[in-house]
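These figures come from a predicted structure and were not determined experimentally.
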Amino acid sequence: MPRKVKYRKSHRGSRAGTPERGTRVSYGDFGLQSIGRDWVTNNQIEACRIAINRFLKRKGKVWIRVFPHKSVTQRPPETRMGKGKGAVEKWVAVVRPGIMLFEVAGVPESQAREAMRLAANKLGIPTRFVARH
């Protein structure tokens, strides 16, 4: 979650459109690119990071290209309408098709592919493995 935000509770916003930036492998040699659109929670990002690092056994370098800036609120179950907006429940990153989620460098392609496969299993969106052009 961010250290500081201007407004604690945000609107849901739109997941439509295509990204203009953040779609190429910029830092590493291999990347995990999203094909679908969804909210990716901070817990999912952390689970992916742990899966990648455990598989690579601290070899190579890993970049996380998404950050959960958006707060999502939730009302308690079986609560009547009205009485305002719920408390902040989780933080999410808005992911659109083409966004690079993770990148790795300093490892062979076979290892990078397997690490990204393990990470992709932790996400709820379709992804693909890409290499630097």
Side-chain angles (χ1 to χ4, degrees):
M1 86 183 243
R3 282 191 197 100
K4 196 170 135 186
V5 286
K6 191 166 185 181
Y7 299 108
R8 204 162 45 93
K9 298 175 180 179
S10 64
H11 289 192
R12 289 194 204 290
S14 171
R15 294 178 215 172
T18 54
E20 292 179 11
R21 295 157 55 175
T23 57
R24 302 244 170 96
V25 180
S26 303
Y27 302 100
D29 302 323
F30 308 103
L32 186 68
Q33 189 178 40
S34 72
I35 301 172
R37 64 179 78 235
D38 199 7
W39 285 344
V40 177
T41 67
N42 56 340
N43 293 343
Q44 287 174 316
I45 295 168
E46 181 64 9
C48 291
R49 184 189 70 79
I50 290 168
I52 292 168
N53 286 337
R54 281 211 179 129
F55 180 78
L56 296 179
K57 297 190 175 86
R58 295 182 48 206
K59 289 183 175 61
K61 181 149 174 54
V62 179
W63 287 269
I64 303 169
R65 296 281 308 272
V66 288
F67 187 83
H69 286 290
K70 185 182 207 53
S71 62
V72 176
T73 61
Q74 207 169 5
R75 298 291 306 279
E78 298 175 17
T79 310
R80 292 186 179 188
M81 292 282 106
K83 308 274 190 294
K85 196 171 164 103
V88 173
E89 200 68 25
K90 58 188 172 184
W91 292 84
V92 298
V94 179
V95 173
R96 296 183 170 98
I99 286 287
M100 201 59 62
L101 302 168
F102 298 93
E103 290 184 27
V104 293
V107 292
E109 183 176 349
S110 58
Q111 273 193 309
R113 193 177 285 276
E114 180 60 18
M116 293 303 182
R117 186 190 67 79
L118 293 170
N121 289 336
K122 309 288 180 203
L123 297 166
I125 56 171
T127 57
R128 68 177 176 192
F129 178 83
V130 290
R132 188 185 275 274
H133 293 19

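- Under the 4.5 Å side-chain heavy-atom criterion for grouping Ile, Leu, Val, Met, Phe, Trp and Tyr, Ile99 is connected to Ile64 within one hydrophobic cluster.
- Using a 4.5 Å cut-off between side-chain heavy atoms of Ile, Leu, Val, Met, Phe, Trp and Tyr, with links allowed through other members, Val25 and Val66 fall into different hydrophobic clusters.
- Atoms CD1 and CZ, on Ile45 and Phe102 in that order, are 6.0 Å from each other to the nearest 0.5 Å.
- In this structure Lys70 satisfies the side-chain contact (heavy atoms from CB on, under 4.5 Å) test together with Ser10, Trp39, Val92, Val94, sequence neighbours excluded.
- Checked against side-chain contact (heavy atoms from CB on, under 4.5 Å), Pro126 has the following partners two or more places apart in sequence or in another chain: Ile35.
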Derivation and outcome, side chain to side chain contact (heavy atoms under 4.5 Å, CB included), residues Gln44 and Lys122: CA-CA 6 Å; Gln44 287 174 316; Lys122 309 288 180 203; 5.8 Å; no

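- Under the ring pair (Phe, Tyr, Trp, His ring centres under 6.0 Å) criterion, Phe55 pairs with no residue, sequence neighbours left out.
- The nearest pair of heavy atoms linking Thr127 to Ser34 is CG2-CA, 4.1 Å.
- For Glu89, the side chain to side chain donor-acceptor pair (under 3.5 Å) criterion is met by no residue, not counting sequence neighbours.
- Ile50 belongs to no hydrophobic cluster with other residues, because no ILVMFWY side-chain heavy atom falls under 4.5 Å from its own, directly or through intermediates.
- For Lys83, the side-chain contact (heavy atoms from CB on, under 4.5 Å) partners at least two apart in sequence or on another chain are Arg75.
- Rounding to the nearest 0.5 angstrom, the gap separating the OG1 atom in Thr41 from the NZ atom in Lys90 is 6.5 Å.
- Follow the hydrophobic side-chain contacts under 4.5 Å out from Met100 and you never reach Val95; the two are in separate clusters.
- Residues in residues 58-67 take part in these salt bridge (charged side-chain N to carboxylate O under 4.0 Å, His left out) pairs, two or more places apart or across chains: Arg65-Glu103.
- Every pair tested for side-chain hydrogen bond (donor to acceptor under 3.5 Å, both in side chains) that includes a residue from residues 21-30 fails, sequence neighbours excluded, so the list is empty.
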Table please: side-chain donor-acceptor pairs of residues 106-121 below 3.5 Å, with sequence neighbours left out.
{"unit_1": "Glu109", "atom_1": "OE2", "unit_2": "Arg113", "atom_2": "NH2", "d": "2.9"}
{"unit_1": "Glu114", "atom_1": "OE1", "unit_2": "Arg117", "atom_2": "NE", "d": "3.1"}
{"unit_1": "Glu114", "atom_1": "OE2", "unit_2": "Arg117", "atom_2": "NE", "d": "3.4"}
{"unit_1": "Glu114", "atom_1": "OE2", "unit_2": "Arg117", "atom_2": "NH2", "d": "2.7"}
{"unit_1": "Asn121", "atom_1": "ND2", "unit_2": "Arg117", "atom_2": "O", "d": "3.4"}

Side chain to side chain contact (heavy atoms under 4.5 Å, CB included) between Leu101 and Leu123, intermediate numbers included: CA-CA 10 Å; Leu101 302 168; Leu123 297 166; 3.7 Å; yes

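- Every pair passing salt bridge (charged side-chain N to carboxylate O under 4.0 Å, His left out) that includes a residue from residues 1-15 is listed here, sequence neighbours excluded: Arg15-Asp38.
- Nearest heavy atom pair, residue Gly28 against residue Ala105, reads CA-CB, 3.7 Å.
- Enclosure of atom CZ in Arg54 is not indicated, since only 12 or fewer non-hydrogen atoms of other residues, nucleotides or ligands lie within 6.0 angstrom.
- Applying the side-chain contact (heavy atoms from CB on, under 4.5 Å) rule to Val5 yields the partners Pro2, Trp91; only residues at least two apart in sequence or on another chain are considered.
- With sequence neighbours left out, Arg49 forms a side chain to side chain donor-acceptor pair (under 3.5 Å) with Glu46.
- Trp63 and Val130 fall into different hydrophobic clusters, where Ile, Leu, Val, Met, Phe, Trp and Tyr are joined by side-chain heavy atoms under 4.5 Å apart, directly or via other members.
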